[in-house]
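The block underneath contains the structure these notes are about, expressed in structure tokens.
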Protein chains: 2
Amino acid sequence: MITIPYPKGHKIKVRNKIVESAAQAFRTNGIHDVSVPFIMKGAGLTHGGFYSHFDNKEQLVAEACRYAISDTITLLQKVADEEKHNPRIHTVIDYYLSPYHRDNTEMGCILPALSGEISRSSEEVRQVFTQELERMIAFISNLAEIDTVKGSALFSTMVGSLVLARSVNNPELSASLLSAGKQYAKDLVMT
Amino acid sequence: MITIPYPKGHKIKVRNKIVESAAQAFRTNGIHDVSVPFIMKGAGLTHGGFYSHFDNKEQLVAEACRYAISDTITLLQKVADEEKHNPRIHTVIDYYLSPYHRDNTEMGCILPALSGEISRSSEEVRQVFTQELERMIAFISNLAEIDTVKGSALFSTMVGSLVLARSVNNPELSASLLSAGKQYAKDLVMT
DNA sequence: TATAATATATTACGGTCATCATATTATAAA
DNA sequence: TTTATAATATGATGACCGTAATATATTATA
């Protein structure tokens, strides 16, 4: 006879908490700089139980990245849906290149946050990024009513501007990178 | 009486070798994933001598980043100078977004390679990046004969395209990201 | 209320890290 | 050739890593 000693779905909930904790931690501190004990602490657990949920850290990395990108697409969709007057792509560009998004890496788009590290990750992780980036480009292109080639260039501009705006020390330069990105991203859509 | 046991300039040469080794290693594997022993081995030395050249790892990071960006600007200048017919900015864009540059991170531009990690680095390192990025934007803007705001957007597009092209697993998608970036970067210059 | 099954915690292991103290080596001058 | 010493190597320290084995806590059911 099979009994269920813990509440039904308990383990899945805990597992999701670990993924969420990891997705947040990776965006804030990078993949390699975040330890399993740190992630588990973020989920309110101790590190030992980790391996009853995941085979290894790499598996969690892949899941957390997929979770984070999906989350961002959902958020951008919501941002677009709330706009009633201006072109919806403009609203998304403005959000993506806002000081808020720049300064809150831990809940933002994972692509600029982990950009460098992804190319050095395992095939499994890169596969996830490839799939999710394709979804992101499709989403952006659809919203802007442009083809996916142009959509790729648009999203590249957005990612590059955000990455550089986060790298610099000088607030004026950072703001200028954001606003230049916004302006020419919108220009790109309209030409 | 003071004796000089090693040839004049010996230590400076060794120090430069360490910086070069670090600049290459950081671009290939990221800052945090590269250890001091690994860098020293790359310079043909053992780890212990490191602290007679640098106060700590962070100081080397800052120097290696400055070295790497200067190196890249010099290289791009040379690439531009070799072009006789087309607009020189086109040649630089084509080089920057070439498969060669995408696939040889270790000798390429450090900004896309370390983008995510820079924003989490010390003030000292971010200060270096700020200064060198300003130089890079000035160089690009001057070459394209556009103002620095437009130049910022142009360089953002280049960085973003390269970052995303390196992240994905799918060769076609990667190539498409490069060519989309090239096309719209050139469009941006001319409009 | 006891039990069985499952979720989480504790503890340990082997490895690598940055850093430092000390020993050794290489070489210019005496 | 000897000597002084700068440059480099060796080895150690304490911290933290990913991973794993084992122990403990939890709770739906009998």
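Letters A, B, ... mirror the listed sequences (proteins, then strands); counts begin at 1.
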Check: Between B:Ile18 (CD1) and D:dA9 (P), how many Å, whole number?
Finding: 10 Å
Notebook entry, point to check: Do B:Arg120 and B:Glu117 pass the salt bridge (Lys or Arg N to Asp or Glu O under 4.0 Å) test, and can you show the C-alpha distance, the side-chain angles, and the key distance before you say yes or no?
Noted result: CA-CA 5 Å; B:Arg120 293 177 246 119; B:Glu117 250 172 321; 5.1 Å; no
Checklist line | Residues B:Ser70 and B:Arg135: side-chain donor-acceptor under 3.5 angstrom | finding: yes
Check: Going from CG on A:Leu75 to CD on A:Gln77, what distance comes out if it is rounded to the nearest 0.5 angstrom?
Finding: 10.5 Å
Notebook entry, point to check: With a non-hydrogen cut-off below 4.0 angstrom, is B:Thr46 in contact with a base, only sugar-phosphate, or nothing?
Noted result: base
Checklist line | B:Met40 CE to C:dA18 P, straight-line distance once rounded to whole Å | finding: 12 Å
Check: Choosing from D:dG11, D:dG18, C:dA18, which nucleotide comes nearest the side chain of B:Val36?
Finding: C:dA18
Notebook entry, point to check: Taking CG from B:Asp33 and P from C:dC17, how many angstroms apart are they, rounded to a whole number?
Noted result: 10 Å
Next item on the list: May I ask you to decide if the ring planes of B:Tyr95 and B:Tyr100 are parallel, tilted or perpendicular, using 30° and 60° as cut-offs?
Entry: tilted
Next item on the list: Taking A:Ser115 for its side chain and A:Pro112 for its backbone only, find out whether a donor-acceptor pair lies under 3.5 Å.
Entry: yes
Notebook entry, point to check: Please give, in whole Å, the distance from D:dA6 C1' to B:Ile12 CD1?
Noted result: 14 Å
Next item on the list: Between C:dA9, C:dA7, D:dT8, spot the one nearest the side chain of A:Leu45, thanks.
Entry: C:dA9
Item checked: Terminal helix-axis angle for the helix from C:dT1-D:dA30 to C:dA30-D:dT1, with five pairs defining each axis and rounding to 10 degrees -> 10°
Checklist line | Spacing between A:Phe38 atom CZ and D:dC17 atom P, to the nearest angstrom | finding: 10 Å
Check: Of the options B:Val79, B:Leu143, B:Asp81, B:Leu76, which is the one that meets B:Thr91 in a side-chain contact (heavy atoms from CB on, under 4.5 Å)?
Finding: B:Val79
Next item on the list: Kindly compute the distance separating CZ (B:Arg102) from CG (B:Leu178), expressed to the nearest 0.5 Å.
Entry: 5.5 Å
Next item on the list: Could you tell me whether the side chain of B:Thr130 and the main chain of A:Asn169 form a donor-acceptor pair under 3.5 Å?
Entry: yes
Note to self: So if I take residues 48-61 of chain A and measure heavy-atom distances to DNA chain D, which residues fall below 4.0 Å?
What the structure shows: A:Gly48, A:Tyr51, A:Asn56, A:Lys57
Note to self: Working to the nearest 0.5 angstrom, can you tell me the gap between B:Lys17 NZ and B:His53 NE2?
What the structure shows: 10.0 Å
Next item on the list: Check the distance between C:dT6's P and A:Arg15's CZ and give it to me in whole angstrom.
Entry: 17 Å
Next item on the list: Can you check whether any acceptor in the base of C:dT11 is under 3.5 Å from a donor in the side chain of A:His47, or vice versa?
Entry: yes
Check: Between atom NZ in A:Lys11 and atom P in C:dA5, what is the gap in whole Å?
Finding: 16 Å
